[in-house]
Amino acid sequence: MFAVIGSTTVDVVVHSPDRLPQVDGDEFTSNSLVFTDDPLQFMPGGNGANSACVLAALGAETALCSAVGNDPLGGMMLQWLEEVGVGLASLKQEVSESTSSTTIISAGRTRLSFHHPGALKSYARQDLPGHLPASADVLLVCSYPLLRAWRPGGYEDVLRAAHANGVVTALDIGPAVGDPVRLEELRPMLPHVDYFVCNSLELETCTGSEDLIRGMIDVADAGASNVITKLGPRGAAVLPHGGKEPSVVPGFSVQERGTVGAGDSFNAGLLYALLQGRPLLDAVRFGNAVAGLVIASPLGVMVAPTVEEVDRKLNG
């Protein structure tokens with residue numbers, strides 16, 4: 001069973017194929033109004049929910065540990081998660097809070113976002129059910145800067161407890177927003193982290209090093225067993241336990257329809273493959289394939305791939 005601690009957010013997506021509106025006073029003008037044929041979309045989002053949806057599509061038993069509000073957006077999110085088979089027994093519903101939402105306004109690869117934390121603002125370590133994390137096979141902790149009530153002591157406590165009970169632990173420190181995490185904050189918990197995952201911007205922000213290799217080595221020296229840096233279309237760099245230098249596992253060429261959820265899909269694919277007994281580099285390649293299939297889909301994680309579809313991609 002996979003336990004995923006992370007954000008659960010409804011993404012409200014507005015897309016323009018040409019350009020973003022420009023601020024031009026307080027009236028509609030040719031600059032401030034953009035017409036688009038793409039309808040407004042409501043989609044499941046948040047690092048935790050995305051990862052859980054992809055794991056469920058792969059056939060894994062998954063418990064999402066997060067929070068939503070008692071509002072229409074929360075009801076929408078619960079329905080989505082239930083339909084794809086995500087376990088909801090560990091998902092807290094806050095009666096007095098709204099559901100977290102992110103409004104995404106995009107044009108091509110340019111994206112602006114407005115984020116409302118909602119129920120995630122008060123979600124904390126004490127909200128985790130008592131049987132977790134010991135009853136899980138794999139624990140994924142993500143959305144590190146977004147679950148403010150967890151840091152740093154809640155994260156350290158749950159990773160320590162999981163590791164002591166033989167649970168495979170993974171920590172994704174993204175996104176690098178708000179008050180991003182620094183290496184000194186992570187040092188007490190890294191000895192309890194089997195797989196440390198981030199992207200190159202998050203690694204640089206965390207370690208203060210612009211050099212990818214140096215940054216990954218610094219994280220490993222601080223105690224993390226395996227360090228993995230997501231490189232977007234280029235794939236992922238992997239520094240295995242005891243390794244001296246990372247190697248790059250290439251990504252897959254796909255016709256990209258959107259990048260939302262790509263990193264979360266990689267995490268899900270990586271951890272699923274590891275639990276199936278695949279060697280680390282093969283598991284990273286599996287994660288790359290999962291991420292590629294998700295970003296090639298117009299509905300992203302809502303139609304995440306099955307194991308059979310991922311294997312066809314790997315062997316194609």
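Excluded from the calculations below are hydrogen atoms, water molecules and symmetry mates; all remaining heavy atoms, backbone and side chain alike, are included. FYI, the numbering just counts along the sequence from 1.
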Contact between [X] and [Y] at the side-chain level, heavy atoms closer than 4.5 Å - yes or no?
X    : Y    : value
W80  : F42  : yes
N288 : P250 : no
L190 : L183 : yes
L120 : L147 : yes
V310 : L293 : yes
E202 : N199 : yes
D127 : C65  : no

Check: T102/H115 side-chain N/O donor and acceptor closer than 3.5 Å: yes
Do the side-chain N and O atoms of H241 and D194 include a donor-acceptor pair separated by under 3.5 angstrom? no
Determine, step by step, whether K230 and D264 satisfy the salt bridge (Lys or Arg N to Asp or Glu O under 4.0 Å) criterion, reporting the C-alpha distance in whole Å, the side-chain angles of both residues, the deciding distance to 0.1 Å, and the verdict. CA-CA 10 Å; K230 294 173 280 191; D264 305 318; 5.6 Å; no
Give me the one residue out of I228, L140, L275 that meets side chain to side chain contact (heavy atoms under 4.5 Å, CB included) with L270. I228
R278 backbone acceptor or donor facing D282 side chain under 3.5 Å: no
Mind checking whether Y123 and W150 have parallel, tilted or perpendicular rings, split at 30° and 60°? tilted
Decide side-chain hydrogen bond (donor to acceptor under 3.5 Å, both in side chains) for D71 and T99; before the verdict, give the C-alpha distance in whole Å, the side-chain angles of both, and the deciding distance to 0.1 Å. CA-CA 7 Å; D71 58 359; T99 298; 2.6 Å; yes
Just do the side chain to side chain contact (heavy atoms under 4.5 Å, CB included) check on S90 and L128 with the steps written out, would you? CA-CA 7 Å; S90 302; L128 196 68; 5.7 Å; no
Could you go through L81 and L88, starting from their C-alpha distance and side-chain angles, then the distance that decides it, and tell me whether this counts as side chain to side chain contact (heavy atoms under 4.5 Å, CB included)? CA-CA 8 Å; L81 294 169; L88 302 180; 3.7 Å; yes
Counting neighbours of CG on N315 that are heavy atoms of other residues, nucleotides or ligands and sit closer than 6.0 Å, is the number greater than 12? yes
Can E184 and R187 be said to form a salt bridge (Lys or Arg N to Asp or Glu O under 4.0 Å), step by step? CA-CA 5 Å; E184 288 308 309; R187 283 188 190 278; 2.6 Å; yes
Verify side-chain hydrogen bond (donor to acceptor under 3.5 Å, both in side chains) between H116 and S98, making sure each step is shown before the conclusion. CA-CA 9 Å; H116 170 64; S98 57; 2.6 Å; yes
Taking all heavy atoms of Q93 and all of L78, pick out the closest pair and write down the distance. NE2-CD1, 3.8 Å
